[in-house]
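Computation of the quantities below employed the complete heavy-atom set of this structure, encompassing side-chain atoms and omitting hydrogens, waters and symmetry-equivalent molecules. Proteins come first, then strands; the chains are lettered A, B, ... in the order of their sequence lines, and each starts at number 1.
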2 protein chains.
Amino acid sequence: MGVRDKLLAVGLRPTKQRLVIGEILLDDVHRHFTAEDLHKELTHKDAGIALATIYNTLGAFTEAGLLRTVSVDSERVYYDTNTDPHYHVYEEDGSKLTDIDASRISIQGIPDLPQGQVVDRIDVIIRTRST
Amino acid sequence: MGVRDKLLAVGLRPTKQRLVIGEILLDDVHRHFTAEDLHKELTHKDAGIALATIYNTLGAFTEAGLLRTVSVDSERVYYDTNTDPHYHVYEEDGSKLTDIDASRISIQGIPDLPQGQVVDRIDVIIRTRST
DNA sequence: TTACATGCAAACTGTTTGCAAATAT
DNA sequence: ATATTTGCAAACAGTTTGCATGTAA
């Protein structure tokens, strides 16, 4: 399925900017990046897309389920093109994120949740540092 | 052990401001809060402590191991007075954090880490929403 | 032809910093 | 005495917003 169709499938208008960004992100290669990373990459390509549009687009893609965010570092938002259930290894030194398939890890002992609450998702972040 | 001694024990000078803040935070009651929360609380008490000092103090306390931070939300830093190994339940609607003792949860299947990396800590956040 | 998306700059939020005055050792 | 800490305001980074213009349906 082409990028145009992926956008249409989730109800997003395939504008020129979204197509360019979608071409980079929506290709089954799992990436972790920040808005700034993407902005740099687009500037290289001379795509001339405004930073605000990048933020808008990442927000729209995330809301549409094409991306997800990862809370590893409170200074910036990391985006992840892998939307399947999975966890992360975070190398604190180099700020490098790696995926771990959810099926590899099992978690036991989740307690009863407060009244009327259901699990939305479980984040697991294995934070590592170099020896 | 009094607050003054707790500060001295970790090599922090017991200034008036640190004593006031320590009196609030260092009492074995587990709290989750932001710098802003603490600032409001102190303003109520008319403690007249500058916001910058609150940030400095929280940073110093964290570095000294008296507090830890929790990455749940990239817009702000949450501090946690519980420094024992534990995990969190995060109610996404009300931004409420609750502790889960680490001993209650078991995690299996942690993959091999990259060369020269060791686990610093593992964060587990169970994100819930109301039904 | 109309609702939605973009670009730009300005606004905003949370946090950090520089520096002179105050304070702990 | 001297090294640290404080308060304040100004700076900063990342992100959001308002509005005029452009574009997809």
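- Under a cut-off of 6.0 angstrom, the local environment of CG in A:Asp112 is sparse, with at most 12 non-hydrogen atoms contributed by other residues, nucleotides or ligands.
- Atom CG in B:Leu38 sits roughly 15 Å away from atom C1' in C:dT15 (whole-Å rounding).
- Looking at A:Asp101 and A:His86, their side chains never come closer than 4.5 Å, going by heavy atoms from C-beta outward.
- By the neighbour-count criterion of 12 heavy atoms within 6.0 Å, atom CD of A:Gln115 is sparsely surrounded, having that number or fewer from other residues, nucleotides or ligands.
- A donor-acceptor contact closer than 3.5 angstrom is absent between the side chains of B:Asp37 and B:His32.
- In this structure, the CD atom of A:Glu36 is 9 Å from the P atom of D:dT15, given to the nearest Å.
- We find that B:Glu92 and A:Arg121 are not joined by a salt bridge, their nearest charged nitrogen and carboxylate oxygen being 4.0 Å or further apart.
- Among A:Asp84, A:Asp99, A:Asp123, the single residue meeting the salt bridge (charged side-chain N to carboxylate O under 4.0 Å, His left out) criterion with A:Arg68 is A:Asp123.
- Spacing between atom CG of B:Leu7 and atom P of C:dA24 amounts to 13 Å, rounded to whole angstrom units.
- OP1 or OP2 of C:dT15 has at least one side-chain nitrogen or oxygen of B:Tyr55 nearer than 4.0 Å.
- For the segment residues 70-81 of chain B, the set of residues with a heavy atom within less than 4.0 Å of an atom of DNA chain C comprises B:Glu75, B:Arg76, B:Val77, in numerical order.
- Heavy-atom nearest nucleotides on DNA chain C were determined for B:Thr34 and for B:Pro14, and the one closer to the 5' end corresponds to B:Thr34.
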Collect all protein-nucleotide pairs involving nucleotides 4-10 of chain D in which both atoms are nitrogen or oxygen and the distance is under 3.5 Å.
| unit_1 | atom_1 | unit_2 | atom_2 | d |
| --- | --- | --- | --- | --- |
| D:dT4 | O4' | B:Arg13 | NH1 | 2.8 |
| D:dT4 | O4' | B:Arg13 | NH2 | 3.3 |
| D:dT5 | OP1 | B:Arg18 | NH1 | 3.0 |
| D:dT5 | OP1 | B:Arg18 | NH2 | 3.3 |
| D:dT6 | OP1 | B:Thr15 | OG1 | 2.8 |
| D:dT6 | O3' | B:Gln17 | NE2 | 2.6 |
| D:dG7 | OP1 | B:Gln17 | NE2 | 3.1 |
| D:dG7 | OP1 | B:Gly48 | O | 3.3 |
| D:dG7 | OP2 | B:Ala50 | N | 3.2 |
| D:dG7 | OP2 | B:Thr53 | OG1 | 2.5 |

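- The shortest non-hydrogen separation linking A:Arg76 to B:Ser74 is O-CB, 4.1 Å.
- Residue A:Phe33 contributes atom CZ, which lies 12 Å from atom P of D:dT15 at whole-angstrom precision.
- Here C:dT6 presents its P atom at 13 Å from CG of A:Leu51, a figure rounded to the nearest Å.
- If you run side chain to side chain donor-acceptor pair (under 3.5 Å) between B:His88 and each of B:Thr98, B:Asn82, B:Asp80, only B:Asp80 comes through.
- No more than 12 heavy atoms of other residues, nucleotides or ligands lie within 6.0 Å of CD in B:Glu63, so this atom counts as exposed by the packing criterion.
- Here C:dT16 presents its P atom at 12 Å from CD of B:Glu63, a figure rounded to the nearest Å.
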